[in-house]
Asker: 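Questions regarding the structure given below will be posed in turn.
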Amino acid sequence: MLIHKRKMMLVMLLILAFALAACGNNGQKTAESNTGDTAAGTKAEEPSAEVPFAGNKQSASQFPRTIQHVKGELTLENAPQKIASVDIMATDYLLVLDIAPVVSEGFSTKDRSPIFGQYAKGKEVVDLGGKTNLETLLEMEPDLIVMSSTSTNKVERFDEFNKMADSVVIDFSLDAPSRLRKFAELVGKEEKAEEVIAYFNQLKEEARTVAAKHNNETVLFLISNGKDFTVIHPTNFPIFYEEIGLTPVPGLPEEGKIGGRIGIEALSEFAPDHIFIAENRRQMDPANPQGLINIWTENAVWNNLEAVKNNQVYSVDTLVGDTFFLGQVAGLKAIKEHLGRE
């Protein structure tokens, strides 16, 4: 009887061993198939419309690391856990990497930009308001403060911020992918950045393809201020012109931060074939997101524009007229969508 029990026990152990081996093989096959799906050379997948670039993939690169930035260098012993952004454009790049700062200036942008709102959704971020509230900033006890070089009033206060916590200024004279890589270096998400940039470059190529079909037609990007327009100038936004191949209207004003302001009469003289137009993000009413654009619908000069008569005026996200990564994504998508229509 004892021998019989031992035989039964041996049989049971063998069955269990085979079962475990089978499970291990299935797990290996799953891992191999997943690896194959992300092999080099496959086409970059477009992120979901709801939460583009979602995911929290961390790079294998290690800390400590030394970061070179506009104001010098900073050694980070560990990946920062509580980042404060005193510049909404810096927040934009962090959100693209799926990093939510604990506190951010101008976080109400989520109510003024659909694409920014997608990234901000579900993120708990304390809003510093339009002007940085230092008391709130201190209360959040950040271990890193970030800003862009274009935010000159913040850069001038760099030493003040640096006394509160380690601070960095990201060079925004770089192109959007290079800026994203610098932010990724701060948080150890270089691999994530490269995934986003692969999609970004694919989107540029698709926009370039549709732009080539309209190379004999002029294009103008504008911000509507209600009473006049701000030109999104090709010099300051080469991605929409030089890099994509769109043809700007000749004689654009070049004064001002992003190209100067023009009235409706000047717009009529420029007579662009296509107009991409955004609301002034700072002046718009979030409850009436097209109000500053729709105000022109009763204007006789506006209605006499060839672009208006040909239904070639396209509303774009408010971020398009500034140096946001998501603004460039939104602009490229708009070019692809509207100029790609048959």
Side-chain angles (χ1 to χ4, degrees), residues 44-50 52-53 112-119 176 199-225 229-250 252 258-259 262 264 267-268 270-281 284 288-297 299 301-342:
E45 291 291 330
E46 180 168 357
S48 67
E50 184 178 357
F53 311 135
R112 298 167 181 267
S113 160
I115 194 169
F116 190 95
Q118 289 176 329
Y119 285 82
Y199 168 68
F200 182 80
N201 288 336
Q202 176 184 314
L203 190 58
K204 278 180 63 176
E205 191 58 40
E206 292 168 347
R208 187 179 292 114
T209 298
V210 300
K213 300 176 182 179
H214 299 270
N215 58 358
N216 293 322
E217 303 164 12
T218 57
V219 176
L220 185 60
F221 279 77
L222 294 173
I223 296 171
S224 178
N225 305 311
F229 308 92
T230 301
V231 175
I232 302 176
H233 202 280
T235 301
N236 299 293
F237 291 83
I239 186 169
F240 300 139
Y241 291 97
E242 180 181 344
E243 296 179 34
I244 298 303
L246 295 177
T247 303
V249 297
L252 290 174
I258 52 177
I262 61 173
I264 186 65
L267 178 57
S268 178
F270 289 135
D273 295 305
H274 302 270
I275 298 173
F276 290 83
I277 187 166
E279 291 262 314
N280 185 313
R281 179 168 50 89
M284 71 175 288
N288 184 20
Q290 295 292 302
L292 296 178
I293 297 174
N294 290 338
I295 197 172
W296 295 103
T297 58
N299 184 286
V301 178
W302 171 266
N303 288 321
N304 198 44
L305 294 172
E306 288 300 314
V308 174
K309 291 191 287 187
N310 293 331
N311 195 30
Q312 292 178 167
V313 177
Y314 321 114
S315 178
V316 295
D317 195 282
T318 60
L319 298 193
V320 170
D322 221 325
T323 49
F324 290 85
F325 188 92
L326 291 177
Q328 296 198 13
V329 169
L332 292 172
K333 282 188 171 184
I335 292 168
K336 175 185 171 182
E337 175 188 352
H338 297 297
L339 297 188
R341 295 185 306 189
E342 295 297 334

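Heavy atoms only: backbone and side chains are in, while hydrogens, waters and symmetry mates are out.
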Asker: Hey, could you give me the CD1/CH2 distance between I264 and W302, rounded to the nearest 0.5 Å?
Answerer: 6.5 Å
Asker: Can you check whether L252 reaches P234 side chain to side chain, under 4.5 Å on heavy atoms?
Answerer: yes
Asker: Side chains of V313 and L305: does their closest heavy-atom pair fall under 4.5 Å?
Answerer: no
Asker: Does the side chain of P248 come within less than 4.5 Å of T218's, by heavy atoms?
Answerer: no
Asker: Rounded to the nearest 0.5 Å, how far does CD1 of I275 lie from CD of Q312?
Answerer: 10.0 Å
Asker: Report the residues that fulfil ring-ring contact (aromatic ring centres under 6.0 Å, His included) with F229, sequence neighbours left out, ordered by chain and then residue number.
Answerer: W296
Asker: Would you mind reporting whether T318 and M284 have side-chain heavy atoms less than 4.5 Å apart?
Answerer: yes
Asker: Using 0.5 Å steps for rounding, measure from the CG atom of L319 to the CZ atom of R112.
Answerer: 11.5 Å
Asker: Regarding T230 and N225, do their side chains bring together a donor and an acceptor under 3.5 Å, going by distance alone?
Answerer: yes
Asker: Is there side-chain contact between F276 and I232, with heavy atoms separated by less than 4.5 Å?
Answerer: no
Asker: Please report the interatomic distance CG(L220) to CG(L267), rounded to the nearest 0.5 Å.
Answerer: 6.5 Å
Asker: Within the 3.5 Å criterion, strictly below it, is a donor on S315 or Q290 matched to an acceptor on the partner's side chain?
Answerer: yes
Asker: With respect to E279, which candidate in I223, V316, L292 satisfies the side-chain contact (heavy atoms from CB on, under 4.5 Å) definition?
Answerer: L292
Asker: Going by the salt bridge (charged side-chain N to carboxylate O under 4.0 Å, His left out) test, which pairs reach into residues 232-247, not counting sequence neighbours?
Answerer: K204-E243
Asker: Would you please indicate if the ring centroids of F200 and F325 are separated by under 6.0 Å?
Answerer: yes
Asker: How about T209 and E206: do any of their side-chain heavy atoms sit closer than 4.5 Å?
Answerer: no
Asker: In Å, rounded to the nearest 0.5 Å, how long is the span from CD1 of I277 to CZ of F221?
Answerer: 11.5 Å
Asker: Rounded to the nearest 0.5 Å, what separates atom CG in N236 from atom OG1 in T323?
Answerer: 10.0 Å
Asker: In terms of the angle between their ring planes, are F324 and F116 parallel, tilted or perpendicular, with boundaries placed at 30° and 60°?
Answerer: perpendicular
